[in-house]
Engineer: 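So that we are looking at the same thing, I have put the structure below in structure tokens.
Lettering of chains follows the sequences in order, A, B, ..., and the numbering in each one begins at 1.
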Number of protein chains: 2
Amino acid sequence: MTHPAQHPLDAATALQVLRTEGATQHSSGSTHPAWQNMVGPFGGITAAQMLQAVLQHPQRLGEPVAFTVNYCAAVANGGFELSAQPLRTNRSTQHWWVQLSQEGQVVMTATAVTATRREAYSTQELAMPQVPSAADTPQLASSRTRPGWTRCYDWRVLQGDLPSVWEGAEQPSSLSRLWIRDEPPRPLDFLSLTALCDSFFPRIYVRRATPVPIGTVSFTVYFHADSAQLASVGSAHVLAQAQGQQFRNGFFDQTGALFAPTGELIASTHQVVYYK
Amino acid sequence: MTHPAQHPLDAATALQVLRTEGATQHSSGSTHPAWQNMVGPFGGITAAQMLQAVLQHPQRLGEPVAFTVNYCAAVANGGFELSAQPLRTNRSTQHWWVQLSQEGQVVMTATAVTATRREAYSTQELAMPQVPSAADTPQLASSRTRPGWTRCYDWRVLQGDLPSVWEGAEQPSSLSRLWIRDEPPRPLDFLSLTALCDSFFPRIYVRRATPVPIGTVSFTVYFHADSAQLASVGSAHVLAQAQGQQFRNGFFDQTGALFAPTGELIASTHQVVYYK
């Protein structure tokens, strides 16, 4: 049930609880037209929908620390069923298993670790790169040649945009750096941060400037911030960077980092992607 | 059933098939005294045991591409039961769910992606750092003050060893670089590479030089080589590097890479670790 004022990210991540069996909560959701990718939905929004199944579980302990999503098959546009189950609950950490299915078939799986954080020695080793502020970085014009979900973000690319000419001129680096936020603006939370972590264009497009079929097979987010820290970012842009490390015989990896505008590393993220 | 000539890694990863229920294969294994850590077994060998459950499954398609292990609770010394199940099998990729339990409780979970690789455009972006060869790097003396599993490896540390004085002098970088191989030597395969990916000392010890309780909560390996490539490394040392990125309120992350001595990036690996 969406209403005109609801943000597309909230509309997409609204789940209906169906039933509870033991500790497993079953819910239903649906792909959302605002988040359409080339084929099916943008993988970041589906990951956020899976995390939502954990966040809305009545037995949840603490907040997300680690989240790994496996894309087993293409998600078809339309409805899906989610099941979320805490497999092990300790004093301060909890381990989760989530499945997304369509027509009785497993389409995606995920594991999550949630935890209650305590104040402890803290230090940041990966510094935010020195770059112009978001305000000083030109906004990318909305593009009708890019998939629909890209219009759910405000993009300000510093380095490593998609090639303007797909001529196959190989680049020496696949590093991208950009400022990005939800469009329309929305206060940052675990759901939007998860989707942002998957918002990088495929590294092989940046590196190779040649269009080939691709699909993420496994995607991991490590959250380094609690909900209060994320809330303090508000709807500001975050600085996102990602780079491929190895492209070999049909799979490449990508390692990435997202920084609050004040410089804190709020998430690190990794994925491995199939390409043809 | 071990015999004197069996390598400790092979002895530890020998599983007995118990039964098959549908597509789920149940097997049993046991911790191995050679791989003892401070408390319970070294996490890398338990991860290798879980991957073995996938490798030995009769329905397995292809070779490992991605593997994520979640450490839900401490593994007790002694026996355990493993279950491995393919959740989705596509034409060239397959998605796996693995659980390790002791006394009916889930102790570890894992997801794996296996795939048949095809020759495709390949290029390596993360270059091996220029370092002296393993032969030119002094071997670390076997230490009785380090946990037993460390004696299952030959260590040649270039940078970022454990502190020699635990005086709490904070270091500016947690980066470690080292040559490492199984001891006694053993030809590299997916099992040993998985264990090697978890062989880095906790980044917080390198960074902070203060002993605190730690435990990996989630660990990911992306394999960039097939079994033939790994076999070609043989029992040579691999160059391993790892660095922490964010240490915050009880959890830090680590990003790592393992290179064949000829320079190929054969695995990238990431983990998030609890600390007190």
Engineer: Would you confirm whether B/Thr269, through its side chain, and B/Thr220, through its main-chain N or O, come within 3.5 Å as a donor-acceptor pair?
Structural biologist: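 The answer is yes, because a donor-acceptor pair under 3.5 Å joins these two groups.
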Engineer: Main chain of B/Ala127, side chain of A/Gln245: is a donor-acceptor contact present, judged purely on distance under 3.5 Å?
Structural biologist: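 It does not hold such a pair.
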Engineer: Looking at the rings of A/Trp166 and A/Tyr205, which for Trp means the six-membered one, are their centres under 6.0 Å apart?
Structural biologist: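 Yes.
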Engineer: What option among B/Gln124, B/Glu264, B/Gln246 has the most heavy-atom pairs under 4.5 Å with chain A?
Structural biologist: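 Most pairs with chain A among the choices: B/Gln246.
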Engineer: Can you name the one residue among A/Val221, A/Val238, A/Leu188 that meets side chain to side chain contact (heavy atoms under 4.5 Å, CB included) with A/Leu193?
Structural biologist: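 That would be A/Leu188; it is the only one of A/Val221, A/Val238, A/Leu188 passing the side chain to side chain contact (heavy atoms under 4.5 Å, CB included) with A/Leu193.
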Engineer: Anything under 30° is parallel, anything over 60° is perpendicular, the rest tilted; go ahead and classify B/Phe252 against B/Tyr275.
Structural biologist: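 Geometry flag for B/Tyr275 against B/Phe252: tilted rings.
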Engineer: Report the option among B/Arg117, B/Gln243, B/Arg208 that has the most heavy-atom pairs separated by less than 4.5 Å from atoms of chain A.
Structural biologist: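 Most heavy-atom pairs within the cutoff with chain A belong to B/Arg208.
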Engineer: Using side chain to side chain contact (heavy atoms under 4.5 Å, CB included) as the criterion, point out the one residue from A/Asp198, A/Thr68, A/Asn70 that pairs with A/Phe219.
Structural biologist: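 So the option named by the test is A/Asp198.
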Engineer: Tabulate, in ascending numerical order, the residues of residues 71-85 of chain A having at least one heavy atom closer than 4.5 Å to a heavy atom of chain B, or enter 'none'.
Structural biologist: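 A/Tyr71, A/Cys72, A/Ala73, listed by number.
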Engineer: In terms of side-chain heavy atoms, does B/Glu21 have a donor or acceptor partner in B/His26 at a distance below 3.5 Å?
Structural biologist: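 Indeed, the side chains of B/Glu21 and B/His26 share at least one donor-acceptor pair under 3.5 Å.
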Engineer: Name the region of A/Val113, side chain, backbone, both or neither, that has any atom closer than 4.5 Å to a heavy atom of chain B.
Structural biologist: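 When you check distances to chain B, only side chain atoms of A/Val113 fall under 4.5 Å.
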Engineer: Given that the side chain runs from C-beta out, which part of A/Gln171 has a heavy atom under 4.5 Å from chain B: side chain, backbone, both or neither?
Structural biologist: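 For A/Gln171, no heavy atom lies under 4.5 Å from chain B.
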Engineer: Given a strict heavy-atom distance threshold of 4.5 Å, which part of B/Thr93 is in contact with chain A: side chain, backbone, both, or neither?
Structural biologist: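 For B/Thr93, the side chain is the part near chain A, not the backbone.
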Engineer: Would you say B/Thr216's side chain and B/Ser218's backbone share a donor-acceptor pair under 3.5 angstrom?
Structural biologist: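 Between the backbone of B/Ser218 and the side chain of B/Thr216 there is no qualifying donor-acceptor contact (under 3.5 Å).
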Engineer: Measure A/Tyr222 against the heavy atoms of chain B and call it side chain, backbone, both or neither at under 4.5 Å.
Structural biologist: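 Contact with chain B involves the side chain of A/Tyr222 alone.
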Engineer: Please classify the contact of A/Thr89 with chain B as side chain, backbone, both or neither, using a heavy-atom distance under 4.5 Å.
Structural biologist: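 Contact with chain B: none, neither part.
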Engineer: Would you say A/Asn37's side chain and A/Val39's backbone share a donor-acceptor pair under 3.5 angstrom?
Structural biologist: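 Checking the backbone N and O of A/Val39 against the side chain of A/Asn37, no donor-acceptor pair under 3.5 Å is found.
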Engineer: Counting only heavy atoms closer than 4.5 Å, note whether A/Ile204 contacts chain B via side chain, backbone, both or neither.
Structural biologist: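 Looking at A/Ile204, just its side chain touches chain B.
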Engineer: What part of A/Asp253 is in contact with chain B, defined as an atom under 4.5 angstrom from a non-hydrogen atom: side chain, backbone, both or neither?
Structural biologist: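 Both parts, backbone and side chain.
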Engineer: Within the 3.5 Å criterion, strictly below it, is a donor on B/Thr123 or A/Arg207 matched to an acceptor on the partner's side chain?
Structural biologist: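 There is such a pair (donor and acceptor under 3.5 Å, judged by atom type) between the side chains of B/Thr123 and A/Arg207.
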Engineer: Against chain B, label A/Thr255 side chain, backbone, both or neither, depending on which of its atoms sit under 4.5 Å from a heavy atom there.
Structural biologist: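 Interface part for A/Thr255: side chain.
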Engineer: Between B/Arg88, B/Glu170, B/Arg118, who has the most heavy-atom pairs with chain A when the cutoff is under 4.5 Å?
Structural biologist: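 Heavy-atom pairs under 4.5 Å are most numerous for B/Arg88.
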Engineer: Checking an interface table here. Which of residues 102-109 of chain A come within a heavy-atom distance under 4.5 Å of chain B?
Structural biologist: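 Within residues 102-109 of chain A, the residues that come under 4.5 Å of chain B (heavy atoms only) are A/Gln105, A/Val106, A/Val107, A/Thr109.
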Engineer: For the residue pair A/Thr114 and A/Trp96, confirm or rule out a side-chain donor-acceptor distance under 3.5 Å.
Structural biologist: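 Yes.
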